[in-house]
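Shown next, in structure tokens, is the structure this report addresses.
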2 protein chains.
Amino acid sequence: MHTNSDIETKLAGKGIKPTANRLLVYRALTEASGPVTLAMLEDSLVTVDKSSIFRVLTLFLEHDAVHAFEDGRGVLNYELCTTDGACNMTDGHLHFYCEACHHSYCLDTIKTPELVLPEGFTPHSLSFVVKGLCPHCRHSH
Amino acid sequence: MHTNSDIETKLAGKGIKPTANRLLVYRALTEASGPVTLAMLEDSLVTVDKSSIFRVLTLFLEHDAVHAFEDGRGVLNYELCTTDGACNMTDGHLHFYCEACHHSYCLDTIKTPELVLPEGFTPHSLSFVVKGLCPHCRHSH
DNA sequence: TAGCACTTTGCAACCCGGTTGCAAAAATCT
DNA sequence: AGATTTTTGCAACCGGGTTGCAAAGTGCTA
């Protein structure tokens with residue numbers, strides 16, 4: 001488990017001043033079993049206002065503490081960055097969105113392929129999302 | 001160019017009864033240089049209500065006349081299906097979203113890779129979107 | 001420690017894309 | 001024509017995301 005000072009160290013390493021809300025949000029991200037949405041954080045952090053969570057997340061994004069991607073519905077999902085440096089397309093991996101339980105999975109065992117774009121297109125980031133049924137929903141069908 | 005009866009034939013082939021609005025929307029899709037959003041169609045089809053365009057597009061989706069994907073902002077983009085049969089993930093191809101001009105490109109020369117999901121995950125559709133700068137915006141930088 | 005500046009937070013309100021209920025208009029069917 | 005079904009426009013709503021603003025908190029410095 002992560003003590004508060006563990007988290008403070010992590011945040012400091014990314015150049016983020018630790019506040020009470022930032023510790024709460026960071027902890028929620030570490031304890032999540034996968035990518036989480038703003039709405040999920042709102043539910044689990046009832047003491048913190050939606051806009052505050054949002055601002056913490058955007059701060060984390062700017063400091064490469066988390067990365068974000070859209071699931072199949074256009075909802076942003078956030079995940080802690082595992083790498084220490086900039087967290088960009090180079091560590092891109094596949095995400096899976098279950099259309100039954102509306103849950104996102106991070107399939108980080110599957111890397112996105114390196115790709116060759118037509119002349120002139122300069123990539124910054126990428127998202128690769130597969131929609132379908134997750135193992136659980138497929139069986140309970 | 002496409003005459004109205006050309007379009008009517010196409011729609012009939014997909015099992016869609018041609019109405020005035022459906023012809024207008026279909027024509028707008030054929031004349032677009034790439035994927036279009038609901039907002040873009042609202043702008044170009046000033047005589048047609050937003051909700052009507054929306055309902056036409058969902059009808060087209062159900063009849064595999066168009067397919068849709070989200071660009072990098074979570075906005076739906078629509079494209080005419082080129083294949084005759086069901087338009088699903090099998091003809092998946094890459095899309096590029098320019099963060100400067102907010103325009104989506106259909107890079108249909110680049111096919112999405114065939115992928116192997118972990119046991120139990122059943123794919124239905126997929127989206128593969130690269131964000132960055134398009135050739136034009138890159139030069140006018 | 002008082003006074004001042006800067007940062008962070010909560011609240012309310014807004015924005016925008018997407019979506020729906022409903023009644024009017026248009027097409028379809030005897 | 002009259003009855004029925006489909007399509008349409010309007011208005012309103014929804015939900016995720018975002019912002020303005022004032023209050024609360026933090027951290028100075030004198």
Side-chain angles (χ1 to χ4, degrees), chain A residues 4 7-8 11-12 14-26 28 35-63 65-78 97 99 102-104 127 129 131, chain B residues 4 7-8 11-12 14-26 28 35-63 65-78 97 99 102-104 127 129 131:
Chain A
N4 266 0
I7 298 179
E8 285 182 28
L11 291 182
K14 301 282 189 177
I16 298 170
K17 182 166 38 161
T19 69
N21 281 351
R22 291 175 192 166
L23 294 176
L24 285 171
V25 172
Y26 197 95
V36 295
T37 64
L38 180 56
M40 292 162 69
L41 291 171
E42 268 184 87
D43 287 343
S44 60
L45 303 174
V46 286
T47 62
V48 189
D49 187 72
K50 175 169 89 157
S51 64
S52 299
I53 301 176
F54 172 75
R55 284 189 267 235
V56 168
L57 289 172
T58 38
L59 183 78
F60 284 3
L61 277 177
E62 289 161 359
H63 287 73
V66 301
H67 56 264
F69 66 95
E70 296 162 26
D71 61 30
R73 310 114 81 194
V75 176
L76 278 175
N77 283 241
Y78 299 88
Y97 173 73
E99 293 170 323
H102 306 292
H103 191 266
S104 284
S127 81
V129 180
K131 288 194 260 190
Chain B
N4 267 1
I7 298 179
E8 286 182 28
L11 290 182
K14 302 282 188 174
I16 298 169
K17 183 169 32 161
T19 69
N21 282 350
R22 292 174 192 167
L23 295 177
L24 286 172
V25 172
Y26 197 96
V36 294
T37 64
L38 180 57
M40 290 162 68
L41 290 171
E42 268 185 88
D43 287 343
S44 61
L45 301 174
V46 286
T47 61
V48 189
D49 186 73
K50 173 170 90 157
S51 64
S52 299
I53 301 175
F54 172 76
R55 284 189 267 237
V56 168
L57 289 172
T58 39
L59 183 78
F60 283 3
L61 277 178
E62 288 161 1
H63 287 74
V66 301
H67 55 266
F69 66 95
E70 296 162 26
D71 61 31
R73 309 115 79 194
V75 175
L76 279 174
N77 281 241
Y78 299 88
Y97 173 71
E99 293 170 323
H102 306 291
H103 193 264
S104 284
S127 82
V129 181
K131 288 195 258 190

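Predicted model, so just to flag it, every value in this text is computed and none were measured. In what follows, chains carry the letters A, B, and so on, assigned in the order in which the sequence lines appear, proteins first and then strands, with residues in each chain numbered from 1.
Under the 4.5 Å side-chain criterion, counting only non-hydrogen atoms from C-beta, B:S51 is in contact with B:R55. In this structure the side chain of B:Y26 never reaches within 4.5 angstrom of the side chain of B:V66, judged on heavy atoms. Considering only heavy atoms from C-beta on, A:T37 stays 4.5 Å or farther from A:L76 through its side chain. No side-chain heavy atom of B:L24 sits under 4.5 Å from any side-chain heavy atom of B:I53. A heavy-atom distance below 4.5 Å is found between the side chains of B:L23 and B:L11.
Here D:dT7 presents its C1' atom at 14 Å from CD1 of B:I16, a figure rounded to the nearest Å. Straight-line distance from the CZ atom of A:R73 to the P atom of D:dG16: 7 Å, rounded to whole Å. If you take CZ of B:F54 and P of D:dC14, they are 16 Å apart, rounded to a whole angstrom. Spacing between atom CD1 of A:I53 and atom C1' of D:dT18 amounts to 14 Å, rounded to whole angstrom units. In this structure, A:E42 places its CD atom 13 Å from P of D:dT18, rounding to the nearest Å. If you take CG of A:D43 and C1' of D:dG15, they are 13 Å apart, rounded to a whole angstrom. Put simply, CG on B:L24 is 15 Å from P on D:dT7, counting in whole angstrom units. Atom CG of B:L11 and atom P of D:dT6 are 18 Å apart (whole Å).
Under the 3.5 Å distance criterion, with hydrogens and angles disregarded, a donor-acceptor pair is assigned to the side chains of A:N77 and A:S104.
Using cut-offs of 30° and 60° on the angle between ring planes, the pair B:H102 and B:Y97 is tilted.
In this model, the phosphate group of D:dG17 is not approached by any side-chain N or O of A:R55 to a distance below 4.0 Å at OP1 or OP2.
Nucleotides of DNA chain C nearest to A:S51 and B:L38 differ in position, and the one nearer the 5' end is that of A:S51.
As judged by a 4.0 angstrom heavy-atom cut-off over every strand, A:T19 is placed among residues touching the sugar-phosphate backbone only. Residue A:R22 is classed as a sugar-phosphate contact, given heavy-atom separations below 4.0 Å to backbone atoms only. Nucleic acid contact class of A:K50 (heavy atoms, under 4.0 Å, all strands): base.
Less than 4.0 Å separates DNA chain D from no heavy atom of any residue of residues 56-63 of chain A.
To the nearest 0.5 Å, atoms OG1 (A:T58) and OH (A:Y78) are separated by 7.0 Å.
Take B:T19 and apply the side chain to side chain contact (heavy atoms under 4.5 Å, CB included) test, not counting sequence neighbours, and it matches B:N21, B:R22.
For DNA chain C, the outermost nucleotides in 5' to 3' order that have an atom under 4.0 Å from a heavy atom of chain A are C:dT7 to C:dC11.
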